[in-house]
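This report concerns only the one structure given below.
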Amino acid sequence: MSSSTIESILQEKRTFPPSPEFSQNAKISSMEAYQQLYDRAAADPESFWEELAETELHWFQKWDTVLDWQPPVAQWFVGGKLNISYNCLDRHLTTWRKNKAALIWEGEPGDSRTLTYAQLHREVCQMANVLKQLGAQKGDRVGIYMPMIPEAAIAMLACARIGAVHSVVFGGFSADALRQRLQDGEVKLVITADGGWRKDNIVHLKDEVDKALVEGVPTVTNVLVVKRTGQDIHMEAGRDVWWHELQPTVSADCPAEPMDSEDLLFILYTSGSTGKPKGVVHTTGGYNLYTHVTTQWTFDLKDTDVYWCTADVGWITGHSYIVYGPLSNGATSLMYEGAPRPSNPGCFWDVVEKYGVTIFYTAPTAIRAFMKAGDQLPKARDLSSLRLLGTVGEPINPEAWMWYHQVIGGERCPIVDTWWQTETGGFMITPLPGATPTKPGSATRPFPGIIAEVVDLDGNPVGVNEGGYLTIKYPWPSMMRTVYGDFDRFRRSYWEHIPPKDGQYFYFAGDGARQDEDGYFWVMGRVDDVISVAGHRLGTMEIESALVSHPAVAEAAVVGKPDELKGEEVVAFVSLEGEYTPSEELAKELKKHVVEEIGAIARPGEIRFSDDLPKTRSGKIMRRLLRNLAAGEEITGDTSTLQDRSVLDKLRGGA
């Protein structure tokens with residue numbers, strides 16, 4: 001076992017081929033069809049993407065060069081001009097889709113709106129004209145800090161329409177986190193709401209904007225406020241304006257600005273484990289094409305689908321797979337403001353039943369929470385409209401995958417387990433549901449046009465089922481272009497971890513993986529989370545999956561704790577299913593269960609029980625904080641994305 005690789009210990013043998021009925025009607029209907037696409041793309045990626053760009057998007061002017069690759073700088077469709085707002089809206093208005101539902105919106109209190117493509121186009125043009133009236137021009141940065149309401153998508157499309165660069169900040173972030181992002185992006189104008197609903201409470205968004213601006217963001221000249229919750233808020237004279245007052249005063253005609261393919265579309269901040277957040281930069285043409293094609297093929301999109309991605313627009317999943325990918329395809333995209341909550345823990349299943357949702361795309365964290373809440377909630381609703389399920393955000397434990405397959409999908413819906421990142425813009429490794437036999441816990445095979453490889457730290461390919469570093473070896477259209485204002489950080493963070501080899505550059509964004517004998521990729525979690533036990537480098541995801549396969553365990557997070565003898569000891573933080581209670585006996589049983597599942601080397605030295613685990617506001621477990629707790633250290637690094645600080649206090653108290 002090389003010290004530059006990661007040991008893989010999880011073995012999962014179950015396989016689920018798509019049903020003949022699903023494959024028969026699918027856009028890509030067999031592994032032979034997938035392989036032909038993949039081979040064609042691998043042999044000549046530029047002509048593969050060029051053909052799709054010509055057939056799938058509207059361009060005001062064709063490009064001169066498909067790809068200019070000066071590692072690590074890629075430019076796609078150089079010289080081409082298009083507008084992503086035009087591709088999401090205007091081109092559908094000359095077809096029957098003009099009167100099709102573009103956005104279906106359900107508010108947490110039960111209010112709802114449906115906007116057709118014609119209606120959405122009208123509102124986007126009006127907001128674009130209001131932004132112009134407030135001084136926003138092509139290239140200006142606009143901050144968007146919104147609840148999950150239609151105006152969040154409208155604001156994004158309005159910015160793209162006039163060539164302003166949007167920077168969406170998740171509406172659950174604090175004033176400090178918001179200020180940091182507005183300052184770094186040199187934002188000129190902020191779009192927000194008085195508040196939003198989440199878990200039976202009002203989130204006071206405008207108050208947080210006021211706090212952020214009091215501390216000083218000198219570039220902000222105006223705040224455009226959408227009325228949502230109706231509570232009293234402060235409106236700063238000369239700076240703050242109401243959307244509902246300005247909307248009727250402007251024209252509903254706003255021609256889309258022709259944008260260079262490489263013009264900035266948006267900046268989206270991701271948290272670094274230390275230091276300030278990174279502003280991931282995405283540009284227009286390649287991002288539009290890649291999100292369009294991946295939405296169409298991965299979700300096997302039909303004109304009759306009601307598609308629901310449960311993410312927030314503040315994350316890349318919301319950008320790519322609530323707004324831009326679905327609308328560019330002329331799909332019906334559902335937005336939901338709320339979350340499962342004490343007053344209605346089964347609200348997601350209510351929404352599926354009410355609107356006849358056909359495609360449901362959510363996160364493993366949510367799936368584990370659904371499991372913990374019990375089968376009775378989904379079983380009390382009619383989920384028969386569902387035809388396809390998806391998962392995003394982190395590797396999914398096989399047992400959570402099986403529950404999703406059986407209880408939500410009724411054993412009839414394929415599951416697309418997608419691996420990708422903010423930095424990649426769109427899906428990199430994913431099943432194509434009519435073609436790919438799936439394995440619980442595996443993201444399966446790369447999307448056509450993506451050359452993925454598991455290597456060691458020297459860039460050498462590792463053996464079958466040997467863990468290593470998941471890299472991408474050739475540029476793709478939606479790849480991030482830089483870190484805003486810090487190109488050196490971009491180069492260091494993504495291109496220098498594994499040095500170039502024989503002129504080959506490796507994009508690496510932090511995940512370990514292995515590839516099995518069928519060429520399927522198994523993501524093993526962040527390499528930062530690798531635990532070194534007696535010379536064995538173990539990925540956390542596999543030990544967590546073993547724990548979650550025990551009936552008592554709802555969720556588990558595993559970290560390493562310094563150990564003089566073994567180097568590190570495995571510490572497991574575990575939250576239990578409702579009917580189980582913490583005990584020494586249960587801790588012993590869980591340790592034994594891990595040994596039986598994957599071997600003595602992975603036995604946890606310590607198990608700590610907790611009602612909850614520290615998570616980001618997008619639902620990812622913050623393992624580095626657990627590492628601090630396990631080692632008895634002070635919490636370090638950026639905690640602006642932490643959802644609930646009280647979880648840390650409880651864990652520290654129980655340590």
Side-chain angles (χ1 to χ4, degrees), residues 1 5-15 364-365 367-369 371-372 391 393-406 417 438-443 465-467 511-514 516 520-561 563 566 568-577 580 582-610 613 620-621 623 626-627 630:
M1 190 76 207
T5 58
I6 305 162
E7 194 161 347
S8 177
I9 44 185
L10 176 72
Q11 296 300 317
E12 173 57 59
K13 298 297 184 189
R14 293 169 288 192
T15 303
T365 306
I367 294 165
R368 290 191 294 266
M371 291 171 68
K372 193 172 183 178
T391 172
E394 60 187 341
I396 185 169
N397 312 107
E399 293 313 311
W401 193 102
M402 288 302 301
W403 182 89
Y404 197 31
H405 169 69
Q406 291 164 350
D417 175 6
T438 51
K439 301 181 184 183
S442 171
N465 281 320
E466 189 173 347
D511 281 336
R514 66 179 172 91
D516 69 17
Y520 281 37
F521 286 81
W522 298 77
V523 179
M524 296 160 61
R526 307 292 293 169
V527 295
D528 298 347
D529 301 330
V530 168
I531 304 170
S532 184
V533 181
H536 299 267
R537 302 180 74 245
L538 308 177
T540 57
M541 180 265 180
E542 300 185 320
I543 307 172
E544 290 163 5
S545 292
L547 285 161
V548 171
S549 70
H550 189 283
V553 178
E555 197 161 36
V558 167
V559 297
K561 170 184 172 182
D563 181 272
K566 294 184 285 187
E568 285 186 292
E569 176 180 77
V570 175
V571 178
F573 293 83
V574 170
S575 60
L576 299 175
E577 295 285 2
Y580 292 90
S583 68
E584 278 297 318
E585 291 70 30
L586 182 55
K588 286 176 185 170
E589 187 180 326
L590 293 178
K591 291 177 185 180
K592 183 181 174 192
H593 180 72
V594 170
V595 172
E596 288 169 351
E597 288 287 304
I598 53 180
I601 188 63
R603 183 201 304 270
E606 187 180 346
I607 289 185
R608 299 192 191 182
F609 295 106
S610 168
L613 299 169
K620 291 182 184 175
I621 296 166
R623 287 173 184 80
L626 293 175
R627 282 199 297 272

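It should be emphasised that the depicted structure is a prediction, and the values quoted were computed from it without experimental measurement. What you see below is based on every heavy atom in this structure, not just the backbone, and it leaves out hydrogens, waters and symmetry mates.
A pairwise comparison of heavy atoms in Ile621 and Ala556 identifies CD1-O, 4.0 Å as the closest pair. Taking both residues in full, the closest heavy atoms of Met524 and Ala513 are given as SD-C, 3.5 Å, listed atom of the first, atom of the second, then distance. The nearest pair of heavy atoms linking Tyr520 to Trp522 is O-CD1, 3.5 Å. Scanning all heavy atoms of the two residues, the minimum distance from Ala552 to Leu586 falls at CB-CD1, 4.0 Å. When all heavy atoms of Ala546 and Ser549 are compared, the pair lying nearest together is O-OG, 2.6 Å. Taking every heavy atom of both residues into account, Ile607 and Ala587 meet most closely at CD1-O, 3.7 Å.
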Q.
Go through it in stages, so that I can follow the logic: the residues are Asp516 and Lys439, the test is side-chain contact (heavy atoms from CB on, under 4.5 Å), and I'd like the CA-CA distance, side-chain angles, deciding distance and then a yes or no.
A. CA-CA 11 Å; Asp516 69 17; Lys439 301 181 184 183; 2.8 Å; yes
Q: Verify salt bridge (charged side-chain N to carboxylate O under 4.0 Å, His left out) between Lys591 and Glu584, making sure each step is shown before the conclusion.
A: CA-CA 11 Å; Lys591 291 177 185 180; Glu584 278 297 318; over 6 Å; no
Q.
Go through it in stages, so that I can follow the logic: the residues are Lys372 and Glu577, the test is side-chain contact (heavy atoms from CB on, under 4.5 Å), and I'd like the CA-CA distance, side-chain angles, deciding distance and then a yes or no.
A. CA-CA 6 Å; Lys372 193 172 183 178; Glu577 295 285 2; 3.9 Å; yes
Q: Dump the intermediate steps for side-chain contact (heavy atoms from CB on, under 4.5 Å) on Val558 and Val570, then the final yes or no.
A: CA-CA 7 Å; Val558 167; Val570 175; 3.5 Å; yes
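Atom CZ of Arg514 sits about 12.0 Å away from atom CD of Glu466, to the nearest 0.5 Å. Interatomic distance, Asn397 CG to Trp403 CH2, rounded to the nearest 0.5 Å: 13.5 Å. Taken to the nearest 0.5 Å, the CD atom of Glu544 stands 4.0 Å off from the CZ atom of Arg623. Taking CG of Leu590 as the reference point, atom CD of Glu585 lies at 11.5 Å (rounded to 0.5 Å). With rounding to the nearest 0.5 Å, the separation of CZ in Arg368 from OG in Ser575 is 8.5 Å. To the nearest 0.5 Å, the span separating NZ on Lys561 from CZ on Arg627 amounts to 15.0 Å.
Between the side chain of Ser610 and the main chain of Val574, no donor-acceptor pair closer than 3.5 Å is present.
Put simply, the side chain of Glu555 reaches to within 4.5 Å of the side chain of Thr365, judged on heavy atoms.
Each of Lys592, Glu596, His593, Glu589 was evaluated against His550; a single residue qualifies, Glu589, per the side chain to side chain donor-acceptor pair (under 3.5 Å) test.
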